[in-house]
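A short worksheet on the structure shown next.
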Amino acid sequence: MTPRMVRYDSRAQQAQRLARTCVAQLSQTIEAKGHATLAVPGGSTPGPFLEAMSREKLDWSVVRVMLTDERLVPADHDRANAKLLRETLLQNEAAAARLIQLNPTPGLTPEEAAAEVTEHVLPVLPLDVCVLGMGADMHTASLFPGGDRLAEALAATAPTVIPMRAPGAAEPRLTLTAPVLQTATHIHILIQGQEKHDALDQALATTSALEAPIRAILAAPAGATVHYAD
Ligand SMILES: O=C(O)[C@H](O)[C@@H](O)[C@H](O)[C@H](O)COP(=O)(O)O
């Protein structure tokens, strides 16, 4: 399960080189299939990477972009990952990409929201390029240790999108589940700082994905590449 690890000299180099890697993989996919599906994380780490992606030349008009997970807040809320995407990736060259909405109709319950969003996601699966973050608690996407539906989300029988409530999450979430993430053709884990490097080591030394949900990604058939900068 030991993942490939790429260590960068700086966070700027990490953002630029991972963007180029993902764009090359998307370009190969478009050549083969005529379109490509990209999943990216939210949070505080990926901004520079997403901005670097936005400046890369690609036939973005046939790229379907979605988040790996979303907080159940209004789409224009400061904590909404969709807001991050609009301000970083969905501009410049990449403005032509099609956003697959993970923000549900306001007023739905998390369960109703998951059902609605699943209809948006299903037609563009499988993922071709999937970039994930990781928390210091070893969560990825919104697959949190202690999440109320984590076991279900990790199972081979998991639905495509599931609501998640967890002690480590400030609000209810929607998240792609393990089978969706694991079957991506190209999987990248984007982490920065010693605390997350230590958390990755801890996940590798752990046996349970319930304790360390990132293990579900590290065990993916295609394998995952960790992109690390201090
Ligand atoms: O909604 C989110 O926050 C992300 O999708 C989440 O999975 C993120 O990748 C990790 O929580 C790491 O977050 P940071 O990059 O902020 O450390």
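Counting convention: from 1, in listed order, for ligands and their atoms alike.
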What's the shortest distance from [atom] to any protein heavy atom, and which residue and atom give it?
atom: atom 8 (C) of ligand 1; value: Gly42 O, 4.0 Å
atom: atom 17 (O) of ligand 1; value: Lys196 NZ, 2.5 Å
atom: atom 3 (O) of ligand 1; value: Arg71 NH2, 2.8 Å

- What's the spacing between Arg173 CZ and Phe144 CZ if we round to 0.5 Å?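 Arg173 CZ to Phe144 CZ: 4.0 Å, rounded to 0.5 Å.
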Between [X] and [Y], a side-chain donor and acceptor under 3.5 Å:
X: Asp69; Y: Thr175; value: no
X: Glu116; Y: Thr105; value: yes
X: Glu56; Y: Gln16; value: yes
X: Gln202; Y: Asp198; value: no
X: Thr29; Y: Asp128; value: no

- Task: Determine, using heavy atoms of His139 and all atoms of ligand 1, whether some pair is separated by less than 4.0 Å.
- Result: yes
- Task: May I ask whether Glu70 has any heavy atom positioned less than 4.0 angstrom from an atom of ligand 1?
- Result: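 For ligand 1, residue contact (heavy atoms, under 4.0 Å) with Glu70 is absent.
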- Query: Between Asp230 and Arg7, does a salt bridge (Lys or Arg N to Asp or Glu O under 4.0 Å) hold up when you go through it step by step?
  - Reply: CA-CA 9 Å; Asp230 283 326; Arg7 195 183 185 101; 3.6 Å; yes
- Query: Which bit of Leu67 gets closer than 4.0 Å to ligand 1, counting heavy atoms only: side chain, backbone, both or neither?
  - Reply: neither
- Query: So which bit of Asp69 gets within less than 4.0 Å of ligand 1, heavy atoms only: side chain, backbone, both or neither?
  - Reply: side chain
- Message: For atom 7 (O) of ligand 1, tell me which residue out of Gly133, Ala169, Ala141 has the closest non-hydrogen atom.
- Response: Ala141
- Message: If I apply the N/O under 3.5 Å rule, does Asn81 come out as touching ligand 1?
- Response: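 Yes: some nitrogen or oxygen of Asn81 is under 3.5 Å from one in ligand 1.
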- Message: If the cut-off is 4.0 Å to any non-hydrogen atom of Thr45, which atoms of ligand 1 fall inside it?
- Response: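 Counting atoms of ligand 1 from 1, those under 4.0 Å from Thr45 are 14 (P), 15 (O), 17 (O).
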- Task: Any atoms of ligand 1 less than 4.0 Å from a non-hydrogen atom of Gly43? List them with their elements.
- Result: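 Counting from 1, the qualifying ligand atoms are 2 (C), 3 (O), 16 (O).
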- Item | Parallel, tilted or perpendicular, as decided by the 30° and 60° cut-offs, for the rings of Tyr228 and His197 |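 His197 and Tyr228: perpendicular rings.
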